[in-house]
Amino acid sequence: MVDLKSQYEKIKTEVDKGIQEVIDSCAFINGPAVRDFQSDLEKYLNVKHVIPCANGTDALQVAMMAMGLKPGDEVITVSFTFIATAEVIALLGFTPVLVDVEPDTFNISIDSLRKAITPKTKAIVPVHLFGQCANMEEIMEIAKEKNLYVIEDACQAIGAEYIFKDGSRKKAGTIGHIGCTSFFPSKNLGCYGDGGAIFTNDDELAKQMRVVVNHGMVVRYYHDYIGVNSRLDSIQAAVLKVKLQYLDEYAKARNYAASYYNKAFENHPKIKTPVTAPYSTHVFHQYTLVLTDVDRNELQSYLASKEIPAMIYYPVPLHMQKAYIDPRYKEGDFPVTEMLCSSVISLPMHTELDDEQLKYITNSVLEFINR
Ligand SMILES: *Cc1c(COP(=O)(O)O)cnc(C)c1O
């Protein structure tokens with residue numbers, strides 16, 4: 001699905017130098033590499049505070065811990081996402097409230113969101129799924145009206161831009177109160193291990209989250225809060241500092257591959273290609289097709305037999321996951337999510353796809369579907 005090896009070959013000299021510098025300095029934890037990367041990312045995102053942490057799941061958890069919610073408070077998110085989004089809500093004793101997504105963008109449905117709000121609702125967690133932003137302008141309007149926090153799960157959308165009605169733009173993760181991202185190797189900005197970060201323009205929330213990631217410690221060995229231990233290590237920061245310089249270039253390569261795919265599958269009666277909303281750019285973390293009248297598991301096996309990896313993101317909606325079975329929800333509650341879970345397939349998407357590979361992949365998909 002991703003070709004991290006070829007990508008590394010192109011930046012090997014810079015990355016190796018960065019890693020070697022950390023080893024030479026022995027500043028493995030909270031070293032200058034972490035501060036450098038933090039300030040580079042703040043500039044890139046045009047956001048006041050970036051708080052590096054250990055992974056994307058921690059980023060979401062720390063964000064949740066900083067809002068001062070109480071057990072039983074309701075947090076709204078989508079049923080069509082990676083489990084981490086709902087997991088941290090449940091872990092902290094808050095109540096995850098699930099809603100459906102839009103069939104075109106796969107992102108949170110504004111209608112479902114409005115209907116899910118109760119007096120207990122405290123926060124909304126929109127997920128910018130597969131690389132494009134959810135409808136943030138509407139979400140922020142609802143949040144303002146109902147006095148709710150908005151935590152953006154931007155784990156799949158770093159670098160994507162939200163386009164406001166007045167034409168102005170902001171980077172994914174910098175529009176709500178808090179934004180979260182992951183630097184898992186296969187993410188759009190991936191390191192060579194685990195990593196994550198939290199973004200905010202709010203000084204108070206930033207202060208609180210810096211304390212939470214460091215054992216709730218305000219003054220050394222004085223713990224005012226129950227916190228966690230969540231750090232980005234210096235070696236990962238050194239890798240990310242190099243790769244951040246190429247992030248926009250990487251997004252272009254992903255968009256090139258997506259256009260190639262789009263053109264090959266254009267107007268095919270059984271294939272629906274991804275739709276980009278007018279209010280967002282797309283950084284194609286995934287390139288995901290919606291199929292009709294195609295056995296997508298057979299397609300996946302057929303592609304595998306031709307050494308083409310294809311993945312199902314996601315086969316099971318959150319409300320149908322064993323650990324999250326809840327009397328509040330049953331099969332049929334989120335028709336769009338359920339339709340997507342049974343009909344989507346994601347094709348290889350990364351920064352190193354060339355025309356020859358794209359041609360081979362698209363021909364193989366069409367061979368199977370048209371036979
Ligand atoms: C990857 C991902 C996460 C979790 O990130 P980790 O770094 O793996 O913990 C959370 N939410 C979404 C939508 C993701 O894609």
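Whatever order the structure lists them in is the order used to number ligands and atoms, beginning at 1. Only this structure's heavy atoms are used, side chains among them; waters, hydrogens and symmetry mates stay out.
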Q: Checking a contact table here: which protein heavy atom is nearest atom 15 (O) of ligand 1, and how many Å away?
A: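 Here the closest protein heavy atom is Q156 NE2, 2.8 Å.
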Q: Do any side-chain atoms of residues 24-31 form donor-acceptor pairs under 3.5 angstrom with protein atoms, and if so which ones, sequence neighbours left out?
A:
from: D24; atom 1: OD1; to: Q20; atom 2: NE2; distance (Å): 3.2
from: S25; atom 1: OG; to: E21; atom 2: O; distance (Å): 3.4
from: S25; atom 1: OG; to: V22; atom 2: O; distance (Å): 2.8
from: S25; atom 1: OG; to: A27; atom 2: N; distance (Å): 3.1

Q: Report the nearest protein non-hydrogen atom to atom 10 (C) of ligand 1: residue, atom name, distance rounded to 0.1 Å.
A: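 Its nearest protein heavy-atom neighbour is C155 SG, 3.5 Å.
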Q: Is there a nitrogen or oxygen of K187 sitting under 3.5 Å from a nitrogen or oxygen of ligand 1?
A: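 So ligand 1 has an N or O lying under 3.5 Å from an N or O of K187.
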Q: Over 60° means perpendicular and under 30° means parallel, so tell me whether Y192 and Y8 are parallel, tilted or perpendicular.
A: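 Perpendicular, since the angle between the ring planes exceeds 60°.
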Q: Which ligand 1 atoms, with their elements, are less than 4.0 angstrom from a heavy-atom of S182?
A: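 Per the distance check, 5 (O), 6 (P), 7 (O).
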Q: Which residue owns the protein heavy atom closest to atom 9 (O) of ligand 1, what's the atom, and how far is it?
A: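 Answer for atom 9 (O) of ligand 1: T57 OG1, 2.5 Å.
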Q: In ligand 1, which numbered atoms sit nearer than 4.0 Å to a non-hydrogen atom of N55?
A: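 Close to N55: 7 (O), 9 (O).
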Q: Charged N to carboxylate O below 4.0 Å: is that the case for D293 and K270?
A: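 Answer for the salt bridge query: no.
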Q: Check whether any N or O atom of D153, backbone or side chain, sits under 3.5 Å from an N or O atom of ligand 1, and answer yes or no.
A: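 The answer is yes, given that D153 and ligand 1 share an N or O pair closer than 3.5 Å.
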Q: Is the backbone N or O of A277 less than 3.5 Å from a side-chain atom of Q132, with the two atoms forming a donor-acceptor pair by type?
A: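 Judged by distance alone, yes, a pair lies under 3.5 Å.
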Q: For ligand 1, is there an N or O atom under 3.5 Å from any N or O atom of G56?
A: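 Between G56 and ligand 1, an N or O pair is found under 3.5 Å apart.
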Q: I want to check a possible cation-pi pair here: K122 against F94, using under 6.0 Å from ring centre and within 45° of the ring axis as the test.
A: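 Not satisfied by the 6.0 Å and 45° rule.
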Q: Aromatic rings F130 and Y313: how do their planes relate, parallel, tilted or perpendicular, breaks at 30° and 60°?
A: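 If you compare the ring of F130 with that of Y313, the planes turn out tilted.
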